[in-house]
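Please read the structure below before turning to the comments.
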Amino acid sequence: MRLPGTAHTDQPWRIHELTPDFRLEDVWAFRAPGAGPDDFPVMLAAMQAAGGPGTGSWPVRFLFALLWKLGALFGWDEPRAARVAPLRDRLPRDLRETAGGSVAGDSPFTSVYELGNECARELANKTVHAVMHLGWAPAATGGHELRMAVLVKPNGLLGRLYMAAIAPFRHRVVYPALTRQWERAWQNRNGSATVHGAVGTYNVSASVLALSSLPDIDYVDLFILETGLDATPEQWARAMFGDVPSAAEKLIWRGFLGLRLSPGRSPHTVAGWRIAARGDSWIRLETASGFLSCNLVVHTAEGQVSLATYLHYDKSLGRLIWHPLSAIHRRLAPGLLHEAATKVATMTEPNTES
């Protein structure tokens with residue numbers, strides 16, 4: 001969730017004394033339900049295990065790879081250590097002794113310092129000298145949350161143009177991807193339940209096949225997450241896919257599969273898919289393109305939630321397009337269920353305010 005700049009500047013963090021010549025670019029909050037004032041190291045450990053934004057879903061990985069490829073091609077990401085003094089050179093002795101903490105995955109950032117309630121990481125290249133600050137602060141709804149601030153010093157006109165050009169990418173792809181990944185990392189910090197999967201009509205039960213409306217099922221898969229969370233099938237479906245399709249979902253569903261999606265938010269649709277039927281423990285979403293028809297069924301049972309995907313190839317083009325995408329879909333499905341569980345847990349968390 002995006003926050004005003006004061007959500008960063010009003011906190012008594014040490015970063016302020018080190019970055020008076022940096023511009024505050026973005027402030028973002030990440031929920032951590034049930035977190036206490038001393039859980040910042042726990043959050044960092046969970047983020048370390050989850051990796052960076054480039055390890056998220058495949059559309060996000062694709063966009064990150066494209067950005068990094070362009071940076072390498074034009075030399076934007078080449079280090080400029082010889083011309084930019086690192087922030088670590090400004091550290092007082094007490095902070096210098098905390099430097100050297102690890103940074104997750106293949107992140108281009110290097111650690112500056114790390115305390116019990118905040119840390120800072122930096123990068124410097126041809127376009128910008130940037131600092132990513134992570135801080136632990138009381139949340140407006142109670143408990144504590146992670147706050148990320150991005151502070152920058154653009155390198156000339158090129159840097160200012162670059163920052164302006166990637167602003168939509170940061171706000172629509174990077175930060176939402178980090179939100180899903182880091183909030184899920186917090187939810188799964190003590191280990192996450194295993195998702196069980198099955199593919200093909202011979203490996204899925206007749207009761208599952210019966211929930212489809214397709215005349216013939218050419219493809220089906222089923223993924224089941226063990227969970228103690230209590231929510232309706234529609235709540236689970238909206239937690240998985242949203243009320244309206246995200247940019248990444250539009251890229252997959254409309255761009256690659258040509259699926260017809262309803263515009264806008266409606267009680268009769270989930271992420272543009274029509275709610276075609278429902279029962280006490282299941283809901284079926286339907287849509288189609290010019291070459292295939294699709295069902296998504298979310299089913300809840302005692303202690304578990306499942307997602308089934310059904311396809312019928314109306315034309316041979318449907319099989320040709322879905323075959324390579326199906327492997328990616330099967331890799332994403334477990335994470336989709338875990339992300340939904342994180343959202344449902346937050347949604348159903350009891351209000352402790354008096």
Side-chain angles (χ1 to χ4, degrees), residues 57-63 195-225 233-234 236-300 305-337 339-340:
S57 65
W58 81 266
V60 173
R61 289 200 305 269
F62 173 81
L63 291 171
V195 174
H196 304 282
V199 182
T201 55
Y202 292 104
N203 297 313
V204 175
S205 69
S207 62
V208 171
L209 296 177
L211 293 176
S212 172
S213 65
L214 299 177
D216 295 296
I217 299 174
D218 295 315
Y219 173 92
V220 61
D221 62 41
L222 173 70
F223 291 90
I224 303 172
L225 172 69
E234 181 174 341
W236 276 107
R238 294 188 184 280
M240 290 181 201
F241 305 111
D243 295 325
V244 295
S246 66
E249 289 169 337
K250 287 180 181 178
L251 176 66
I252 301 169
W253 293 337
R254 184 178 292 165
F256 290 113
L257 297 176
L259 297 178
R260 294 183 285 272
L261 304 175
S262 299
R265 192 182 306 265
S266 169
H268 306 297
T269 63
V270 173
W273 292 58
R274 181 172 61 92
I275 299 176
R278 69 174 80 218
D280 292 338
S281 62
W282 60 274
I283 188 170
R284 185 173 70 238
L285 312 178
E286 297 182 3
T287 190
S289 71
F291 47 84
L292 54 79
S293 301
C294 307
N295 290 175
L296 294 174
V297 172
V298 177
H299 184 269
T300 60
V305 61
S306 66
L307 171 66
T309 301
Y310 312 79
L311 277 81
H312 172 65
Y313 305 131
D314 300 309
K315 296 180 181 179
S316 57
L317 180 61
R319 184 186 302 274
L320 181 65
I321 291 179
W322 178 247
H323 180 70
L325 292 180
S326 66
I328 300 170
H329 161 77
R330 291 191 295 271
R331 288 198 300 270
L332 294 180
L336 183 65
L337 285 166
E339 289 173 4

Would you check if the side chain of S326 reaches a backbone N or O of H323 as a donor-acceptor pair within less than 3.5 Å?
-> yes

Chi angles and distances behind the side-chain contact (heavy atoms from CB on, under 4.5 Å) call for L261, W273 = CA-CA 6 Å; L261 304 175; W273 292 58; 3.9 Å; yes

All heavy atoms of E286 vs all of S213, minimum pair found to be OE2-OG, 2.6 Å

Please name the pair of heavy atoms, one in V298 and one in A237, separated by the smallest distance, quoted to 0.1 Å.
-> CG2-CB, 4.0 Å

Can you sort out the partners of S289 under side chain to side chain contact (heavy atoms under 4.5 Å, CB included), two or more places apart, ordered by chain and number?
-> L259, F291, L292

List the steps, then state whether side-chain contact (heavy atoms from CB on, under 4.5 Å) holds for T287 with R274.
-> CA-CA 7 Å; T287 190; R274 181 172 61 92; over 6 Å; no

Is any side-chain heavy atom of P233 less than 4.5 Å from a side-chain heavy atom of H299?
-> no

Qualifying residue, where the test is side chain to side chain donor-acceptor pair (under 3.5 Å) with H312 and the options are N295, D218, D216 = D218

Rounded to the nearest 0.5 Å, the CD1 atom of I217 sits from the OG1 atom of T309 at a distance of 11.5 Å

Check the pair D314 / S293 against side-chain contact (heavy atoms from CB on, under 4.5 Å), numbers first and verdict last.
-> CA-CA 7 Å; D314 300 309; S293 301; 2.9 Å; yes

Listed by chain and number, what are the side chain to side chain contact (heavy atoms under 4.5 Å, CB included) partners of R238, not counting sequence neighbours?
-> E234, D243, V270, I275

So, do L225 and F223 sit near enough that their side-chain heavy atoms are less than 4.5 Å apart?
-> no

Could you give the side-chain donor-acceptor pairs of residues 196-207 under 3.5 Å, partners two or more places apart or in another chain?
residue: N203; atom: ND2; partner: V199; partner atom: O; Å: 2.7
residue: S205; atom: OG; partner: S207; partner atom: OG; Å: 3.0
residue: S205; atom: OG; partner: V208; partner atom: N; Å: 3.4

Least distance between heavy atoms, P245 atom then W253 atom = CB-CZ3, 4.3 Å

Spacing of CG belonging to L257 relative to SG belonging to C294, to within rounding of 0.5 Å = 6.5 Å

Within the distance-only criterion (no hydrogens, no angle test), does the side chain of R284 pair as donor or acceptor with the backbone N or O of L211 below 3.5 angstrom?
-> yes

Looking at F241 and A271, what are the two nearest heavy atoms and their distance?
-> O-CB, 3.4 Å

Y219/W322 aromatic ring centres below 6.0 Å | yes

